[in-house]
There are 2 protein chains.
Amino acid sequence: MARKRITPGKIRLTEVAKLAGVSPITASRFFRNPEALSIGKRARVESAAKELGYVPNLAARALASQRTEVIGVLIPSLTNNVFADVLRGIYDALDGSRYSIQLANTRYSILQEERLLRLFLAQKPAGLIVTGINQTADSRHIMESVDCPIVQIMELGSAPVDMMIGFSHFDAGKAAIAHLLDQGYRRIGFLGARMDPRVQRRLDGYRSAMTDAGLFDERLIVTTAVPTSMTLGGALFADLLAKAPDIEAVFCVNDDLALGALFECKRRHMVVPDQMAIVGFNDLEFMASSVPTLTSVRTNRYEMGRNAAMMVLETLAGRRPAESVVDLGFSVIERQSSTRRG
Amino acid sequence: MARKRITPGKIRLTEVAKLAGVSPITASRFFRNPEALSIGKRARVESAAKELGYVPNLAARALASQRTEVIGVLIPSLTNNVFADVLRGIYDALDGSRYSIQLANTRYSILQEERLLRLFLAQKPAGLIVTGINQTADSRHIMESVDCPIVQIMELGSAPVDMMIGFSHFDAGKAAIAHLLDQGYRRIGFLGARMDPRVQRRLDGYRSAMTDAGLFDERLIVTTAVPTSMTLGGALFADLLAKAPDIEAVFCVNDDLALGALFECKRRHMVVPDQMAIVGFNDLEFMASSVPTLTSVRTNRYEMGRNAAMMVLETLAGRRPAESVVDLGFSVIERQSSTRRG
DNA sequence: ACTGATATTGACAGCGCTACCAACCGGTTG
DNA sequence: CAACCGGTTGGTAGCGCTGTCAATATCAGT
């Protein structure tokens, strides 16, 4: 006959209950909902747990209760500073709560995203935070069928799976160009790398603003699927100058490209902003301390992560946020690199 | 009497086994060690699982087997590019394996680290990757008593808890100074931020090299506990100039500080390297594309993460790595910002 | 044919916790 | 005095899987 897999020294809930002189179920309740116990038992269980150094077994809890305290987070990149900030917000919001994070990297692939989504389901997550609004049809079905709060972050769209927090990349791109137009620049180039859906929408914003101003010219646009970097910013800027030597300004879809372009200007002894205006995107910390300082579109990445996590938390606590779609906006931070022409 | 918590439509291992015409335990084995089954049963279970869309319940598996397939990772910062690279290496190494990552942020606090370590234990992780060698005594006890592979990353020390991969920050700091001395610089300043144990050891390296050369001067050192940033680099550099106006070169403990110092030089119309040499640390991508390009100490962060994860994986597979302490080294990448004086 | 060794399969119980329901308690209420 | 109430506590079974061991099948060697 089968053996007893007895583990002699181990402290389980039963041991705590025994020491406290209550039933296991009462001890269990202490850890999940202390208010349900009378003051006396509460104290007894508490001290018993402390004395024994009890650590709850999460697997047993998950199995018995059919749910976990894990919030799945799907982001496209670990390298990108933008997501580092978002993540920091998420981690900060969850700090001290009983929820923990399961992070997965989609590498900008929606197929990979779908695969990871399925993987997450095996764990019955308490909540889900996913990046963007461009999921595969299957991913959408999966998310719609899962019974847990889901927040889509980074951008906005008309059909949230559940909740959503972000800003309009189209409007942000448009606003960057509006600023340059406002400063008197006319021949405004566009530099884009990686070209994920959000960058694409910034390009749409650029296109719209330039077309409205009657200034659109296909030759002003240089993009690549290659991941972004400062070095790439310099290279793309060089390409742009070759295609359109008469450009007066350049809008870069992120700050790395912008700083790369700035250095490329230096290399060519072009003075910024006199001979070339530069606008970046995200407003990373270094934009304020370069020489000259660089104009950028500030996005609220930390807040986005933080709020997304809080929305999940609130929903789990039964207090569903009033607004299921939150627009965090953006702002064009005007600096030396794009001051008025002439 | 108590109810049956029957879940009608759900597919469990039992359902798969039934459809495949085998016992549940055989089906179970298929998912853990397919080679143990005969070819015929293997195919039958496989198709049955696919047909039913079976997804294993990880909580049940963890409870029954008393272990999980989670590797805990403790890092001090989510913002720091250095750890983003390390993480990418870890995630890449684990990609495709059955292990997943549980990430936690110690925020450079060893007390927080200890707390998180205890938290991890509740999950019975399959492995652990922790940053650095400065843990609390309790943390060390905990790690020593846990029965799973542990890798300490980022630096080297004489008493690994289990395995270790990193490089000598002392030697790296010393090498950076040796390079500057070699180029003819004598009054070499030191800029440090955050001052975590690894940065401290780079400072020790600096101190040692300068003392050996008979050039040590306390006034050449400027440090702060504030987290690093480019803006801070400029500020610290300004402080250093105020304390020691005659400095010829500056060693920055990371690249952000170095770039900030470079911009501060620009602001003051000091020519780099003619009037001021700059050396950074980590060799982030942008160091090669700034103007002038910046000398830095290259560290193999991605490889560190990747190898650390692989060491855990190998140990779990029963193939313990021959070397339990791996020195990944570093190299001084000489660029324009520190070319020969005069 | 028999032995021993190896490969393959199955029975059973139990991992540690919680859902569900029942029971109990002192105090009201009709 | 029975019925009722909200607050608190406990009994029982079961969440879905795997460790352990036993049983059976297969095969080579003698």
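In this text the structure is predicted, and so the values were computed from the model without any measurement.
One atom, NZ of Lys18(A), and another, P of dG11(D), lie 12 Å apart when rounded to the nearest Å. As rounded to whole Å, 15 Å separates atom P of dT8(D) from atom CZ of Phe30(A). In this structure, Arg32(B) atom CZ and dT20(D) atom P are separated by 11 Å, rounded to whole Å. Here the P atom of nucleotide dT18(C) and the CG atom of Leu63(A) are 11 Å apart, to the nearest Å. Separating the CG atom of Leu37(B) from the C1' atom of dT8(C) is a distance of 8 Å, rounded to the nearest angstrom. The separation between Arg67(B) atom CZ and dC15(C) atom C1' is 13 Å, rounded to whole Å. Summarising the geometry, the separation between CD on Glu69(A) and P on dC17(C) is reported as 13 Å, rounded to the nearest angstrom. Atom CD in Gln123(A) sits about 16 Å away from atom C1' in dC17(D), given to the nearest Å.
In this structure, of dG16(D), dT18(D), dC20(C), it is dC20(C) that holds the atom nearest to the side chain of Ile25(A). The listed nucleotides are dT18(C), dG10(C), dG11(D); the one nearest the side chain of Ser65(A) is dT18(C). Distances were taken from every side-chain heavy atom of Arg12(A) (C-beta onward) to each of dA19(C), dC17(C), dC15(C); the shortest belongs to dC17(C). Listed candidates were dC15(C), dC17(C), dT9(D). Nearest to the side chain of Ala64(B) is dC15(C).
In terms of position on DNA chain D, the residue among Pro56(B) and Lys41(A) whose nearest nucleotide sits closer to the 5' end is Lys41(A). Ranked by how close their nearest DNA chain C nucleotide is to the 5' end, Thr26(B) and Asn57(A) are led by Thr26(B).
A perpendicular orientation is assigned to the rings of Phe83(B) and Tyr108(B), their planes being inclined by more than 60° (bins at 30° and 60°).
Counting distance only, with no hydrogens placed and no angle test, the side-chain atoms of Arg29(A) and the base atoms of dG10(D) include a donor-acceptor pair under 3.5 Å.
Here Phe31(B) lies out of heavy-atom contact (under 4.0 Å) with every strand.
Applying the 4.0 Å criterion to OP1 and OP2 of dG16(D), one finds that Gln66(A) has a side-chain N or O inside that range. Neither OP1 nor OP2 of dT9(C) sits under 4.0 Å from any side-chain N or O of Ser23(B). The side chain of Tyr54(B) contributes no N or O atom lying less than 4.0 Å from OP1 or OP2 of dG16(D). Within the structure, a side-chain polar atom (N or O) of Ser38(A) is placed less than 4.0 Å from OP1 or OP2 of dT9(D).
Within the 3.5 Å criterion, the main-chain N or O of Glu314(B) finds no donor-acceptor partner in the side chain of Arg319(B).
Side-chain contact of Arg32(B) with Ser28(B): a donor-acceptor pair under 3.5 Å is present, judged by distance alone. Between the side chains of Ser109(A) and Thr106(A), no donor-acceptor pair of N or O atoms lies under 3.5 Å.
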How far apart are the C-alpha atoms of Thr79(B) and Arg88(A), what are their side-chain angles, what is the distance that settles it, and do they pass the side chain to side chain donor-acceptor pair (under 3.5 Å) test? CA-CA 7 Å; Thr79(B) 328; Arg88(A) 209 159 38 85; 3.3 Å; yes

